[in-house]
2 protein chains.
Amino acid sequence: MAAVLLIDDDVELAGMLADYLRRDGFAVDLAHDGESGVQAALSGNFAIAVLDVMMPGISGIEALRRIRAGSRMPVLMLTARGDDMDRIVGLELGADDYVPKPCLPRELAARLRAILRRSASAPQDNGELAVGPLRLHAAQRRAEWRGQLLELTSTEFNLLEVLARNAGHIVGKDELSAQALGRPLARYDRSIDVHLSSIRQKLGLLDDGRSPIQTVFRQGYQMIPG
Amino acid sequence: MAAVLLIDDDVELAGMLADYLRRDGFAVDLAHDGESGVQAALSGNFAIAVLDVMMPGISGIEALRRIRAGSRMPVLMLTARGDDMDRIVGLELGADDYVPKPCLPRELAARLRAILRRSASAPQDNGELAVGPLRLHAAQRRAEWRGQLLELTSTEFNLLEVLARNAGHIVGKDELSAQALGRPLARYDRSIDVHLSSIRQKLGLLDDGRSPIQTVFRQGYQMIPG
DNA sequence: GCGCTGTTTTTACAGACTTTTACCCCGGCG
DNA sequence: CGCCGGGGTAAAAGTCTGTAAAAACAGCGC
């Protein structure tokens, strides 16, 4: 699913929102101040940014201006309820939407989807992903390993996509289950392990002899980047 | 500038908004009830529709559903302030934005521009569709594969059209049934599968040897974009 | 209404995919 | 050293999809 960048200085609230969005199928990364947020937004790794207006250091409006200076990516602003000026200025500066805060996570998710739905059909959105010898084309559900077409089943592709999107980060089994299998992880559920096993067999090993997908005991799995 | 369709039963308010928008550079047409609004929206003459949720006769939600059944045009909903459910349902049904009413005309204009900015980069909807080696002329109900006319039955054409419009995205069987067969999907109904099977036989394979329509286990089907 | 024809839906079975089960290995710990 | 919780993986069991073929339906000319 789409990669969302959440820029908000309120660590706790941002964490909650991120959790909800992840359960809802988004891949979420966090930034807790404007500077690093803008930088991440311009990295090109995200499909959309969610930007809090009220932040210490550079304000959300300023952050938006800087993002717009280097990218046309969709941006959704979070603002104190009823702050008309901010939101109008934001929209006129090129934000794609504005959501009053505090907000229902479900509404935020729905709005994200509404915006992504629009921009998904834009031509520059290629949904491509390259991690080491792996190339994934989400729109084509196509995966290559060292240039060879991989014959993956649907679930295997889903899993690999989630891992690849979060390459370099540990992804918990609960999250993998939610995103790739579409259901919460139950106790004694071994599906993830079994699928991972098949994926590994189809991929083979990295140049250094390790598996491209590492097991992190009791925590989850992690794809090795670059 | 862009043609806006404003659907609102409150004649006076709608007139005011229309005036403001016109001064702001939009071309505005009015509809004062859901029926005629939906009809106008589906005429293809408007770039975007603004839809009041509270209307006598068919509600805004129902109107949105009908518009979405036949078009993917951007729709912005006007709703009573704070009516969370309505707006969430609206967004999940495919509205592109929601504005609380009463609203500042200037905000409405800004939001319209934000949405149009997004959809401007989306491909034109002129009734023609090209997806990889497939070309569809919706108005003529004509389909070509690598330049060859395809002999499809009408249901097959419907299915292919829905899939092609959503190329690159998974379309659930329930949605395929609703859009192509005009009925909700019942348990044990295999019609979709059977039609898909015939379509695949008529299309043949892609250059890389895969079917142009991929099955996503338990989720639906996805047409591979160009 | 009747038979003819092309289409859609249902049925049936085979095959593919996913999930569960079972057993093995591994490392930590009393 | 034996027990325990986790993970790896083969194989069984369960579920979903592919597709041919039969049955049901819808027009149409008579």
Side-chain angles (χ1 to χ4, degrees), chain A residues 141 143 149-163 170-206 209-224, chain B residues 141 143 149-163 170-206 209-224:
Chain A
R141 295 209 125 240
L149 178 65
L150 280 172
E151 308 230 336
L152 300 175
T153 68
S154 314
T155 304
E156 287 163 7
F157 185 92
N158 292 346
L159 272 174
L160 196 54
E161 185 180 356
V162 176
L163 287 169
I170 301 173
V171 189
K173 288 196 189 185
D174 49 356
E175 199 173 320
L176 287 172
S177 185
Q179 298 205 194
L181 308 185
R183 63 185 147 95
L185 184 67
R187 250 148 61 97
Y188 309 123
D189 188 336
R190 307 293 311 283
S191 285
I192 300 284
D193 308 62
V194 173
H195 286 299
L196 252 300
S197 176
S198 339
I199 293 177
R200 281 172 167 156
Q201 292 189 359
K202 291 182 183 180
L203 294 186
L205 299 178
L206 241 32
R210 294 185 303 161
S211 165
I213 299 170
Q214 294 288 313
T215 305
V216 184
F217 203 77
R218 283 163 174 274
Q219 292 194 74
Y221 295 92
Q222 168 169 347
M223 172 139 222
I224 297 181
Chain B
R141 293 189 71 77
L149 179 63
L150 280 171
E151 308 235 335
L152 299 174
T153 68
S154 67
T155 303
E156 287 163 6
F157 185 92
N158 291 345
L159 273 174
L160 195 54
E161 183 179 356
V162 176
L163 287 169
I170 301 172
V171 188
K173 287 193 186 184
D174 48 356
E175 198 174 323
L176 287 171
S177 186
Q179 301 218 183
L181 308 184
R183 61 184 148 92
L185 184 66
R187 249 148 63 96
Y188 308 122
D189 188 337
R190 307 293 311 285
S191 286
I192 301 284
D193 308 61
V194 173
H195 286 299
L196 251 299
S197 177
S198 337
I199 293 177
R200 280 174 167 154
Q201 292 189 358
K202 291 181 183 180
L203 294 186
L205 298 178
L206 240 33
R210 298 187 304 160
S211 165
I213 299 171
Q214 296 286 113
T215 304
V216 185
F217 209 86
R218 286 177 174 167
Q219 295 192 75
Y221 295 92
Q222 168 169 339
M223 172 137 220
I224 295 181

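Protein chains get the first letters and strands the later ones, always in sequence-line order, with residue 1 at the start of each. FYI, side chains are in, hydrogens and waters are out, and symmetry mates aren't considered; it's all heavy atoms of this structure.
For B:Y221, the listed nucleotide lying nearest its side chain is D:dG18; candidates were D:dG18, C:dT19, C:dT9.
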For a side chain to side chain contact (heavy atoms under 4.5 Å, CB included) check, start with the C-alpha distance between A:R141 and A:N158, then their side-chain angles and the critical distance, and finish with the verdict. CA-CA 9 Å; A:R141 295 209 125 240; A:N158 292 346; 2.5 Å; yes

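B:E156 has its CD atom 8 Å from the P atom of C:dT7, to the nearest Å. D:dC25 atom P lies 12 Å from atom CZ of B:R183, rounded to whole Å. One atom, CG of A:L196, and another, P of C:dT20, lie 16 Å apart when rounded to the nearest Å. One can place CG of B:L159 at 15 Å from P of C:dT7, the figure rounded to the nearest angstrom. The CG-P distance, from A:L181 to D:dT15, rounds to 16 Å in whole Å. Taking atom CG of B:L176 as the reference point, atom P of C:dT8 lies 15 Å away to the nearest angstrom. Spacing between atom CZ of B:F157 and atom P of C:dT7 amounts to 15 Å, rounded to whole angstrom units. As rounded to whole Å, 12 Å separates atom P of C:dA16 from atom NZ of A:K202.
For the pair A:L163/A:I199, no side-chain contact is recorded, criterion being any heavy-atom separation below 4.5 Å from C-beta on. Residues A:Y221 and A:L159 are not in side-chain contact: their nearest non-hydrogen atoms beyond the backbone lie 4.5 Å or more apart. Annotation: side chain of A:T155 is in contact with side chain of A:L181 (closest heavy-atom distance under 4.5 Å). Using a 4.5 Å heavy-atom cutoff, the side chains of B:H195 and B:L176 are not in contact.
Using a 4.0 Å cut-off, no side-chain N or O of A:S197 falls inside it from OP1 or OP2 of D:dA10. Close to D:dG8, at under 4.0 Å from its OP1 or OP2, lies no side-chain N or O of A:Q201. Distances shorter than 4.0 Å separate some side-chain N or O of A:T155 from OP1 or OP2 on C:dT18.
Here A:K173 does not pair with A:D189 in a salt bridge; the nearest charged N to carboxylate O distance is not below 4.0 Å.
For the segment residues 185-195 of chain A, the set of residues with a heavy atom within less than 4.0 Å of an atom of DNA chain C comprises A:D189, A:R190, A:S191, A:V194, A:H195, in numerical order.
Side-chain atoms of B:R200 come within 3.5 Å of backbone atoms of B:I213 as a donor-acceptor pair (strictly under, hydrogens ignored). Judged purely by atom type and a 3.5 angstrom limit, A:E156 uses its side chain to pair as donor or acceptor with the backbone of A:T153. A donor-acceptor pair under 3.5 Å is absent between the side-chain atoms of A:T215 and the main chain of A:F217, judged by distance alone.
Ranked by how close their nearest DNA chain D nucleotide is to the 5' end, A:R200 and B:K173 are led by A:R200. Residues B:L152 and B:F217 each lie close to DNA chain C; by heavy-atom proximity, the contact nearer the 5' end of the strand is made by B:L152.
When all heavy atoms are compared, the tightest approach of A:K202 to A:E151 is NZ-O, 3.0 Å.
Among the protein residues, A:S154 comes within range of the sugar-phosphate backbone only, with heavy atoms under 4.0 Å from sugar or phosphate atoms but none that close to a base.
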Between the protein and nucleotides 26-30 of chain C, are there any N/O to N/O pairs under 3.5 Å, and if so, what are the atom names and distances?
none

